[in-house]
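All chains are named by letter (A, B, ...) in the order of the sequence lines, taking the proteins before the strands, and each is independently numbered beginning at 1.
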There are 2 protein chains.
Amino acid sequence: MAKSPPSRKSSKQDLKPQIRIMFRKAIAMGPGKADLLRAIDETGSISAAARQMEMSYRRAWLLVDTMNQAFKSPVVVTLTGGKAGGGAAVTEFGKEVLQRYSTMEEKASASVAKELRSFTDMMNGG
Amino acid sequence: MAKSPPSRKSSKQDLKPQIRIMFRKAIAMGPGKADLLRAIDETGSISAAARQMEMSYRRAWLLVDTMNQAFKSPVVVTLTGGKAGGGAAVTEFGKEVLQRYSTMEEKASASVAKELRSFTDMMNGG
DNA sequence: GTACGCTATATCCATAAGAATATAGCGACT
DNA sequence: AGTCGCTATATTCTTATGGATATAGCGTAC
């Protein structure tokens, strides 16, 4: 039988340059943290975002903590208690960080798109 | 006393986009592997390159192995025995891979240079 | 044929990263 | 006052990563 495309995760098609902003050996901002910020903005909580991204709350919390430490102002603020038990929100500052990061991702990606394709040709079937 | 700048490793100034080419969850090519290729090309052996980069031979060998598996042709060929006990060389194909990767690094870096600087302003003193 | 230095590989160990779990605290709402 | 769901944190366990070490095999030079 023809092999059915089995829920492929990263394949050659996913190739893209990754921007990683380092801060004292830790990643202050990268693809994963950007996704997390978007998920927190969407869901309004760290734990909901973690569930959506299928990671542990602990890990999500640590990522948020790393970001908040790296930037001059918090990118995420939290509150405990309240009707929903608490929650988290991406600050305006955080949204700006995210926006600028996304811009960088797009620019970098566009700038190497052509080269990336010829690179693909040199690789085995990812 | 004033705290003297203690042999800083990565600081804000080092910020640059990283290109990582993935192959089945493994990094087929990235900054570290590119450096290793350059070191092998320079030294003519995996172990000398490993020493130069202060990593274990095992690790260097694994990195080479990953690359060779990811690409259609080997990027490094080795020979055992001989006057120097053996050695390794970056193939012409490997040099092309490296060349193209370096080009991508430069282009991506240039394309986001401006944004990267404003990003820096939002971060704490790295 | 012995020595040399490198490749190639296996084994074991230390450390780091992350998952899972447990628990405390909080505040709005009922 | 009690419930709820989330933040915040500690603890334990598993797994992954890499370092260190040991050994075998190889071919040239001596």
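- We find the CZ-CE distance between A:R100 and A:M29 to be 12.5 Å, quoted to the nearest 0.5 Å.
- Along DNA chain D, the nucleotide closest to B:E54 and the one closest to A:G82 are compared, and the more 5′ of them pairs with A:G82.
- Between the CG atom in B:L63 and the CG atom in B:D35 there is a gap of 11.0 Å [rounded to 0.5 Å].
- In this structure, B:K95 and B:L37 have side chains that are not in contact, with every pair of non-hydrogen atoms separated by 4.5 Å or more.
- Here the CD atom belonging to A:Q69 is positioned 7.5 Å from the CZ atom belonging to A:F23, to the nearest 0.5 angstrom.
- Taking every heavy atom of residues 57-69 of chain A and every atom of DNA chain C, pairs under 4.0 Å involve A:R58, A:R59, by number.
- Of the two residues near DNA chain C, A:G85 and B:R51, the one whose nearest nucleotide lies more 5' is B:R51.
- Within the model, atoms CD of B:E115 and OH of A:Y101 stand 13.0 Å from one another, a figure rounded to the nearest 0.5 Å.
- In the 5' to 3' direction, nucleotides of DNA chain D lying under 4.0 Å from heavy atoms of chain A begin and end at D:dG5 to D:dT11.
- As judged by a 4.0 angstrom heavy-atom cut-off over every strand, B:G87 is placed among residues touching the sugar-phosphate backbone only.
- With contacts defined as side-chain heavy-atom distances shorter than 4.5 Å, the pair A:M123/B:K72 does not qualify.
- Using a distance-only test at 3.5 Å, with no hydrogens or angles considered, a donor-acceptor pair links the side chain of B:N68 to the main chain of B:V76.
- Closest-nucleotide positions on DNA chain D for A:G44 and A:K83 were compared, and the one nearer the 5' end corresponds to A:K83.
- B:R38 and B:T43 share no side-chain donor-acceptor pair at under 3.5 Å.
- Note on A:A48: nothing from the nucleic acid sits closer than 4.0 angstrom, heavy atoms only.
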